[in-house]
Amino acid sequence: MKKKNIIVVGLQWGDEGKGKIVDLLAKDADIIARYQGGNNAGHTVVNGDLSLVFRLVPSGILNDKKICILGNGVVIDPAVLFEELDALKNIGIGIKDRFFISYKSHIIMPYHKRLDIARERLRGAGMIGTTGRGIGPTYEDKVARLGIRAIDLLDRNLLYAKIVLSLKEKNYLFKNVLGENIFNPDDLIEEYLVYGEKMKEFLIDSSAFINEKINDGFNIMLEGAQGTFLDVDHGTYPYVTSSNTVSGSALSGVGLGPTNIDEVIGITKAYTTRVGEGSFPTELKGGKGDLIRDKGEEFGSVTGRPRRCGWFDVNLIKEAKRLNGATGMAVTKLDVLSGLKKINICTGYMLKGSFIDHLPYSHADYSETVPVYQEMSGWEGNISDIKSLKDLPVNSQKYIFKIEELTGLPINIVSIGKERNQTIILKSILREG
Ligand code: IMP
């Protein structure tokens, strides 16, 4: 039986419940790697009384047989990293020889965070609603060839020179444009050398490591953070994150070629949510939106911000299917919709008098889109402990099959509660022959 290599991506605006699904699929993967983003992500995994939020470390780390990697495409805040590693130690999870970081990954520095927050303030009403974790400015420095890579933390002279170079423009901005305090490289260098010393044992060439392991018969799951429509190229620009979140980026984000991938699994909620600013055609303001937020506990796991909630949007998922080359789908939080008399599925939009079955091309058009809905009948009762699809209320089955039909994406998994066992597997993913 061939062990498959898969990519798991969010099909919406993030927070699709990837943590739980990745945790579930991790049992059949030897290696779990993240390829982009940083601690703007937040994966919650619930196991019995234990509820853990991972912002950086792949959630597969809870399984002590697995190798977990932060690839070169990830940006790392060392303070957050060591906080998470300490938390794992405190609950008895060992990471020796099974947690690694690409030496090429970029480091989030305190000036990136300050820049992120000050820029948002400068934007005023046009703010992106970033997580304020310094993600954007860190990727900017990477592309501007000013970034600090994990390996640089091991070399005092190099690190110092790089900090000085990076601060040349930034200190000017802080002082003269943003009205912020400037940074002195001497105040940063010691702290970051200590991080380097602590990080040293984890540093690898993720590309060489992963390719070698695959040749030895190991399989890999590449775990996306955020979601398709936060992708810097394909998302609802400019209200996006600063990395490519789609599956194509998984490969460059760890150093793997496309011929190694067997499946791309997309995760979607049974409805839609978004945090931060930006367009959201099926958003429900008040009423049912509030109901879904409360019942689904839709508050950001990183920032605690209330998530905006709305109906399931077929346009999003069809486009995400294409952008990611998705081969299957996991639908999460179906249980949250229980008790609603009527549930809408958005099948397309009206824009300037015409029906469109894709996302608007210009951001300016979003405010004019009017969703077209297909109304479905709801179902009653708590469905979280049901074990098979055929035992779900008939209307919830109809809802699931309608989503599958309209998106054209086969459903592999339906999640009906937070716990690992509150999951219905329709088709296995990682171990088919
Ligand atoms: P940044 O990634 O902090 O620069 O934020 C850019 C946008 O992406 C904001 O709208 C954030 O709310 C959103 N975002 C970033 N990470 C996540 C995530 O993990 N889930 C959902 N939204 C996110």
Side-chain angles (χ1 to χ4, degrees), residues 8-22 34-45 53-59 70 73-77 80 84 106 108-109 111-123 125-143 223-246 249 253 266-269 271-280 283 293 296-310 316 320 332-333 363 366:
V8 178
V9 282
L11 298 178
Q12 298 165 312
W13 280 290
D15 309 316
E16 295 91 351
K18 292 182 292 293
K20 172 179 164 174
I21 304 298
V22 163
R34 272 192 63 182
Y35 56 88
Q36 48 71 230
N39 58 306
N40 48 347
H43 288 175
T44 310
V45 179
V53 179
F54 294 95
R55 290 170 289 171
L56 205 46
V57 177
S59 38
L70 296 177
V74 176
V75 290
I76 297 175
D77 184 332
V80 174
E84 276 182 24
H106 279 245
I108 301 176
M109 300 294 287
Y111 44 83
H112 294 131
K113 285 184 262 186
R114 191 175 293 173
L115 202 54
D116 193 358
I117 294 165
R119 286 236 189 88
E120 282 284 272
R121 201 181 55 231
L122 194 70
R123 278 175 171 265
M127 72 196 298
I128 303 294
T130 73
T131 58
R133 302 299 194 259
I135 308 295
T138 307
Y139 280 115
E140 282 172 41
D141 266 7
K142 172 176 175 173
V143 177
E223 170 185 345
Q226 290 84 47
T228 299
F229 295 97
L230 290 173
D231 182 285
V232 67
D233 284 291
H234 302 290
T236 42
Y237 192 89
Y239 297 95
V240 293
T241 191
S242 302
S243 61
N244 284 110
T245 58
V246 295
S249 144
I267 318 286
T268 172
K269 274 181 191 158
Y271 47 94
T272 311
T273 64
R274 166 160 213 176
V275 250
E277 306 304 316
S279 37
F280 181 174
E283 182 170 11
R293 179 178 315 109
E297 295 171 29
E298 295 293 357
F299 296 89
S301 44
V302 176
T303 58
R305 290 180 291 178
R307 294 181 185 140
R308 299 153 64 194
C309 300
L316 283 185
T332 63
K333 296 187 115 170
H363 194 262
Y366 271 99

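Note that the numbering runs from 1 along the sequence shown for the chain. Remember, predicted model here, so these are calculated numbers, not experimental data. We count ligands from 1, going down the list as the structure has it; atoms in each ligand are counted the same way.
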Do Glu298 and Lys269 meet the salt-bridge criterion of a basic N to acidic O distance under 4.0 Å?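 A salt bridge links Lys269 with Glu298.
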Between Glu84 and Arg55, is there a salt bridge with N-O shorter than 4.0 Å?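 Here Arg55 pairs with Glu84 in a salt bridge, since their nearest N and O are under 4.0 Å apart.
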Does Ile135 form a side-chain contact (heavy atoms from CB on, under 4.5 Å) with Thr130? I'd like the steps, not just the answer. CA-CA 9 Å; Ile135 308 295; Thr130 73; over 6 Å; no
Indicate the atoms forming the closest heavy-atom contact of Thr245 with Gln226, along with that distance.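 Taking every non-hydrogen atom into account, CG2-CB, 3.9 Å.
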Is there side-chain contact between Val74 and Leu56, with heavy atoms separated by less than 4.5 Å?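 Val74 reaches Leu56 side chain to side chain.
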May I have a table of the N/O to N/O pairs between ligand 1 and the protein that fall below 3.5 Å, each row giving the two atom names and the distance to 0.1 Å?
unit_1, atom_1, unit_2, atom_2, d
ligand 1, 2 (O), Asn40, ND2, 2.9
ligand 1, 2 (O), Thr241, OG1, 2.6
ligand 1, 3 (O), Thr131, N, 2.8
ligand 1, 3 (O), Thr131, OG1, 2.6
ligand 1, 10 (O), Val275, O, 3.4
ligand 1, 12 (O), Gly129, O, 3.3
ligand 1, 12 (O), Val275, O, 3.3
ligand 1, 12 (O), Arg305, NH2, 2.9
ligand 1, 16 (N), Asn40, O, 3.3
ligand 1, 16 (N), Gln226, NE2, 3.2
ligand 1, 19 (O), Asn40, O, 3.2
ligand 1, 20 (N), Asp15, OD1, 3.1
ligand 1, 20 (N), Asp15, OD2, 3.4

Tell me, yes or no, whether the heavy-atom count around Tyr237 atom OH, taken from other residues, nucleotides or ligands under 6.0 Å, exceeds 12.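 Not buried by this count: 12 neighbours or fewer within 6.0 Å.
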